[in-house]
Amino acid sequence: MLDIQRIRSNKEEVIELLSRKGFEEQTIVDIFNLDNEWRKSISDLENIKAKKNNLSKEIGKLKREGKETEPLFKEIENLSKDIANYEKEVKEKEEKINLLMLTVPNTPHPSVPVGRDETSNREEKRWGEIKSFDFEPKGHDEIGESLSIVDFKRAAKISGARFVVYKGLGAKLERALITFMLDVHTKENGYLEVLPPYLVKAQALYGTGNLPKFEADLFKISSSDFYLIPTAEVPVTNLHREEILNEESLPISYCAFTPCFRSEAGSYGKDTKGMIRQHQFHKVELVKFSHPDDSYNQLEKLTLDAEKILEYLKLPYRRITLSSGDMSFSSAKTYDLEVYLPSQKTYREISSCSNFEDFQARRADIRFKPKGGGKTRFVHTLNGSGLAVGRTFVAIVENYQQKDGSVIIPDVLRKYLDGVDVIERV
RNA sequence: GGAGAGAUGGCCGAGAGGUCGAAGGCGCCUGACUCGAAAUCAGGUUUACGGGCAACCGUAACGGGGGUUCGAAUCCCUCUCUCUCCGCCA
């Protein structure tokens, strides 16, 4: 949620910034006008209330002195009627404003390239060498099935499309990746591991900005008010909901492994084969709560922490800055990390690292008390995948495939796989 | 799932229709004393919103929502959460 003060005092600037995200001006104008009306009404309302409070006090005083109070009651009755009317008006305006405010996306940071879609994304760097194969590299789904480490057909039998069953060394490789990533982040990068609930209340999803706009992307439990988390970002960011943190404790860095559940509504026909786009996948997520002055520095660090995993695994990748139009609703700046997939001869997203500034903190009410005293301020929240485990699995299988259909295990993972250094057909 | 108890400021804890934004204690801040510190003494110490250049003024908040009343932390309804006991389960 934006600070409504920004709309009050810098309406034109907010409109311009949001237009970069393709957000229409009218909503901001509506909010601005409603807010003006609201302030007028609330001011009137509070004046009447003050009058009534004074009369009530007066009655108390007269009663104690044993004096007549009857004459005051008529006046109070009128004031009460006025109050009821104004209250209704104020409440209606508040609700309207709130509803609108929840649909306003975060403003993009000035460093974000302006553009309407991914064609305006800016490549920041490339790392690693793209392997040249002396054969036609296969897709991970084909390799995986021939090695019997994944099974799409049986997954479909159980759960339908966009699911996979990992088997044998496949299951073990997935598990190894999770442990490996968590080890790096907790032992080398200074994150505290948390293991949060996978079912959350709607309130948590409002906090991160997934609701109210993106209900269709989520799985909701029909027998209760729970939603399945689309990412660990939701429970972990809400860890400090409605809290006032110590300034000295910032930045707070968490990493969390969770499954993620996404309905993938509207992505029919996209990535239908293989494990790229699933209803359920695993992810190790990095989440930071930062001092506002430090958050862009923390974004760089967090992105490097995610890149480190790719570098340890020797997977070629590039970093891009998403353009204003390609960025998510809540984000002020996002780096995507894309790993190279030989079968597609292109880079595919494997991590998305964002600074939300105070957008989520405002929604979830996460603040800190400045050291020298003064008003509590909202923290900045950040998060990034470190990494999407399923897609890392895909990248390893494809990049480490050999002509005979086997897959070499990257050095750093072997100790997690009881020393297995290659997955071969049995 | 059944029965009961509870939720008050950063924390503990009083308050049982008006003088309560809320006693008292702890903590924290400032000052005095001290070479300095501890101890002691004095004062201060919630948040959000609106108005104001500001001093400050107003409104709201005692778990959330609603109600009774001129007036609610206090009475009523409801929801949530926590604790205890029983059942069930990993």
Side-chain angles (χ1 to χ4, degrees), chain A residues 1-9 11 31-102 195-207 211 221 223-227 235 238-250 252 259 289 358-359 361-379:
Chain A
M1 186 131 61
L2 295 184
D3 184 356
I4 195 157
Q5 302 278 5
R6 284 179 68 192
I7 297 178
R8 270 180 211 158
S9 52
K11 181 176 54 151
I31 290 170
F32 181 84
N33 292 334
L34 276 166
D35 179 58
N36 272 333
E37 293 172 26
W38 172 80
R39 279 189 294 163
K40 169 107 185 53
S41 302
I42 191 94
S43 168
D44 290 349
L45 171 65
E46 287 180 354
N47 283 335
I48 302 171
K49 277 189 172 174
K51 254 189 225 169
K52 187 180 168 185
N53 286 345
N54 280 331
L55 285 178
S56 281
K57 268 190 205 141
E58 190 66 20
I59 289 173
K61 213 167 101 193
L62 292 175
K63 276 250 166 93
R64 253 174 284 128
E65 293 167 359
K67 288 183 183 161
E68 181 60 50
T69 57
E70 206 53 38
L72 295 178
F73 277 66
K74 184 141 203 152
E75 201 173 340
I76 281 218
E77 204 178 312
N78 285 330
L79 291 176
S80 295
K81 265 188 232 152
D82 285 351
I83 287 171
N85 287 335
Y86 272 105
E87 259 174 357
K88 196 169 153 234
E89 200 179 311
V90 165
K91 207 170 166 185
E92 274 172 19
K93 283 178 181 137
E94 265 167 13
E95 275 164 10
K96 272 189 203 162
I97 292 169
N98 243 317
L99 231 55
L100 287 174
M101 285 298 285
L102 283 172
L195 205 154
Y198 307 151
L199 294 172
V200 295
K201 298 185 290 183
Q203 187 193 46
L205 290 152
Y206 277 95
L211 287 177
I221 307 291
S223 61
S224 72
D225 290 330
F226 291 125
Y227 290 83
N238 280 282
L239 218 50
H240 294 299
R241 149 180 291 280
E242 285 160 41
E243 284 185 26
I244 297 173
L245 305 167
N246 285 328
E247 181 170 1
E248 301 89 69
S249 70
L250 303 176
I252 300 174
F289 299 83
D358 65 2
F359 191 83
R362 198 175 288 283
R363 288 178 165 229
D365 195 19
I366 309 167
R367 295 174 293 168
F368 72 96
K369 194 99 186 153
K371 237 182 297 185
K375 275 179 85 78
T376 53
R377 299 174 63 190
F378 290 105
V379 300

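Heavy atoms only: backbone and side chains are in, while hydrogens, waters and symmetry mates are out. Letters go in sequence order (proteins before strands), and every chain restarts at 1. Predicted model, so just to flag it, every value in this text is computed and none were measured.
Ion pair A/R8/A/D35 flagged as a salt bridge, since at least one NZ, NE, NH1 or NH2 atom sits closer than 4.0 Å to an Asp/Glu carboxylate oxygen. The existence of a salt bridge linking A/K96 and A/E92 is excluded, since no basic side-chain nitrogen approaches an acidic carboxylate oxygen closer than 4.0 Å. Note on A/E247 versus A/R377: no salt bridge recorded, every NZ/NE/NH1/NH2 to OD/OE distance being 4.0 Å or above.
Here the separation of B/C81 from B/G65, taken at their C1' atoms, is 15 Å to the nearest Å. Distance noted for atom P between B/G6 and B/C76: 12 Å (whole Å). Atom C1' of B/G17 sits at a distance of 6 Å from the matching atom of B/A72, rounded to the whole Å. On the P atoms, B/C11 is 33 Å away from B/U68, given to the nearest whole Å. Here, B/G66 and B/A61 have their P atoms 10 Å apart, quoted to the whole Å. When the C1' atom is compared between B/C89 and B/G2, the two are found 16 Å apart, to the nearest whole Å. Nucleotides B/G44 and B/G52, compared at atom C1', are 25 Å apart to the nearest Å. Distance noted for atom C1' between B/G31 and B/A23: 25 Å (whole Å).
Applying the side-chain contact (heavy atoms from CB on, under 4.5 Å) rule to A/A202 yields the partners A/Y206, A/L211, A/Y227; only residues at least two apart in sequence or on another chain are considered. Residues forming a salt bridge (Lys or Arg N to Asp or Glu O under 4.0 Å) with A/K40 (at least two apart in sequence, or on another chain): A/D44. For the side-chain contact (heavy atoms from CB on, under 4.5 Å) test, residues two or more places apart in sequence or in another chain that qualify with A/S80 are A/K52, A/I76.
Mapping A/I76 and A/R39 onto RNA chain B by nearest heavy atom places A/R39 closer to the 5' end of the strand. Nucleotides of RNA chain B nearest to A/W38 and A/L55 differ in position, and the one nearer the 5' end is that of A/W38.
A distance of 9.5 Å separates CD1 of A/I7 from CG of A/L100, quoted to the nearest 0.5 Å. To the nearest 0.5 Å, atom OH of residue A/Y86 and atom CG of residue A/L45 are 8.5 Å apart. Within the model, atoms CZ of A/R362 and CD1 of A/I4 stand 10.5 Å from one another, a figure rounded to the nearest 0.5 Å.
Rounded to a whole Å, the NZ atom of A/K57 is 20 Å from the P atom of B/G17. Rounded to a whole Å, the CD1 atom of A/I4 is 14 Å from the C1' atom of B/A48. Distance CZ (A/F368) to P (B/U47): 15 Å, rounded to an integer number of Å. Put simply, NZ on A/K61 is 16 Å from C1' on B/C70, counting in whole angstrom units. Rounded to whole Å, atom P of B/U80 lies 17 Å from atom CZ of A/R241. When the C1' atom of B/A48 is taken as reference, atom CD1 of A/I42 falls 12 Å away, rounded to whole Å. With rounding to whole Å, A/R377 atom CZ is found 16 Å from B/U47 atom P. Across the protein-nucleic acid pair, A/D365 atom CG and B/U47 atom C1' stand 10 Å apart, rounded to whole Å.
The side chain of A/R367 places an N or O atom within less than 4.0 Å of a non-bridging phosphate oxygen (OP1 or OP2) of B/A48. Close to B/A48, at under 4.0 Å from its OP1 or OP2, lies a side-chain N or O of A/T376. Taking 4.0 angstrom as the limit, A/R8 places a side-chain polar atom (N or O) nearer than this to OP1 or OP2 of B/G50.
Judged purely by atom type and a 3.5 angstrom limit, A/N238 uses its side chain to pair as donor or acceptor with the backbone of A/A204. Distance alone, capped at 3.5 Å, is enough to place a donor-acceptor pair between the A/S9 side chain and the A/Q5 backbone. A donor-acceptor pair under 3.5 Å links the side-chain atoms of A/R363 to the main chain of A/L102, judged by distance alone.
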Please tabulate the protein-to-nucleotide N/O contacts below 3.5 Å involving nucleotides 71-75 of chain B, giving atom names and distances.
| unit_1 | atom_1 | unit_2 | atom_2 | d |
| --- | --- | --- | --- | --- |
| B/G71 | OP1 | A/K52 | NZ | 3.2 |
| B/G71 | O4' | A/S56 | OG | 3.4 |

Between the protein and nucleotides 57-66 of chain B, are there any N/O to N/O pairs under 3.5 Å, and if so, what are the atom names and distances?
| unit_1 | atom_1 | unit_2 | atom_2 | d |
| --- | --- | --- | --- | --- |
| B/G58 | N2 | A/E46 | OE1 | 3.0 |
| B/U59 | OP1 | A/N53 | ND2 | 3.2 |
| B/A60 | OP2 | A/N53 | ND2 | 3.3 |

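Within the 4.5 Å cutoff, no side-chain heavy atoms of A/F368 are placed close to those of A/I244.
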- Query: How is the base pairing of RNA chain B summarised as a dot-bracket string, given the Watson-Crick and G-U wobble criteria with both distances under 3.5 Å, [ ] for crossing and | for another strand?
  - Reply: ((((((((.[[[..)..(.....]]]((((((.......))))))((((((....)))))).[[[[[..)....]]]]])))))))....
